[in-house]
Amino acid sequence: MRIGIIADIHANEEALDVVLNALRKAQVDQIICLGDLVGYGPNPNECIAKVLENSDIIVAGNHDYGAIGKLPADRFNAFARQAIIWTQKVLTHKSRQAIQNLPLIWDDGRITAVHASPESPENWHYVSSEDAVFRSLMAMTSPYCFIGHTHIPAIFSRTINGDMILQKGKNLKLKADQLYLINVGSVGQPRDSDSRAAYGILDTDQTTFELHRAAYNIKAVQNKMEEAGLPDFLIQRLNVGQ
Ligand code: ZN
């Protein structure tokens with residue numbers, strides 16, 4: 001089975017469309033979405049509808065919870081908070097209902113899907129330090145754990161002896177004697193200095209994982225953000241992928 005993995009869409013419909021198209025062309029059998037469907041971008045309702053329509057599994061992100069008041073707005077920085085408050089105003093009843101029902105973590109014994117970290121999904125830890133990577137790797141119960149939240153793609157693995165390995169490269173042959181912690185990066189607001197939308201494809205038959213990037217019409221999103229009165233900082237960062 002080929003599974004498309006997407007995360008951190010952040011109401012960026014242009015980026016989401018390009019990624020969904022690419023996954024369709026790649027003939028994936030399933031799509032897993034790791035949360036943060038909304039926040040920052042100008043099309044939260046459209047993105048929720050498209051993710052619901054196209055994904056088989058969806059977990060909640062902190063911005064999703066923020067947008068329906070499940071997480072207080074003061075837990076976000078000033079720019080994110082402004083976008084959360086704007087999102088709260090424009091979300092439809094249907095969108096709110098959809099978010100309300102999303103779980104924090106999903107696991108089928110082979111794949112774990114979680115927005116922030118597998119050891120405590122509800123605390124929204126950033127898996128960005130060596131310590132945090134180690135804690136997540138040790139908490140894993142399935143061979144593949146997919147995360148988002150940092151908006152930076154990265155692949156880590158753990159051997160049977162407990163050794164931690166930072167995997168280099170974008171195409172990986174997954175070994176049967178290792179556990180993999182994979183951050184697929186962000187569809188709608190990448191922060192690894194590459195402005196293109198990020199996503200991943202897991203092939204469970206070939207036991208391979210690929211990280212992909214896709215260019216989208218950034219200007220179109222920025223124009224809509226400007227019209228919506230979203231913070232200039234959030235508009236400009238899309239250009240540089242930061
Ligand atoms: Zn995010």
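One is the number of the first residue; the rest follow in order along the sequence. When a ligand or atom number is given, it counts from 1 through the structure's own listing order. Here the structure is a predicted model, which is why all the values come from computation and not from measurement.
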In a check of side chain to side chain contact (heavy atoms under 4.5 Å, CB included) between Ile111 and each of Leu202, Ile5, Ile57, which one passes?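 When side chain to side chain contact (heavy atoms under 4.5 Å, CB included) is applied between Ile111 and each of Leu202, Ile5, Ile57, only Leu202 qualifies.
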
Asp36: its N/O/S atom lying closest to the Zn ion (ligand 1) (atom name):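 Going through the N, O and S atoms of Asp36 one by one, OD2 ends up nearest to the Zn ion (ligand 1).
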
Looking at the Zn ion (ligand 1), which N/O/S atom of Asp8 is the nearest one?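 The Asp8 atom nearest to the Zn ion (ligand 1), restricting to N, O or S, is OD1.
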
Take Asp177 and Lys175 through the salt bridge (Lys or Arg N to Asp or Glu O under 4.0 Å) test and state the conclusion after the steps. CA-CA 6 Å; Asp177 61 350; Lys175 295 181 182 147; over 6 Å; no

Report yes or no: does His63 have an N/O/S atom closer than 2.8 Å to the Zn ion (ligand 1)?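 So His63 does not count as coordinating the Zn ion (ligand 1).
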
Contact check: His149 to the Zn ion (ligand 1), N/O/S below 2.8 Å: no

Between Arg191 and Asp8, does a salt bridge (Lys or Arg N to Asp or Glu O under 4.0 Å) hold up when you go through it step by step? CA-CA 11 Å; Arg191 293 179 193 162; Asp8 297 280; over 6 Å; no

His63 and its ring-ring contact (aromatic ring centres under 6.0 Å, His included) partner, picked from Trp86, Phe79, Trp124, Tyr40: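 Between His63 and the candidates, ring-ring contact (aromatic ring centres under 6.0 Å, His included) is satisfied uniquely by Tyr40.
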
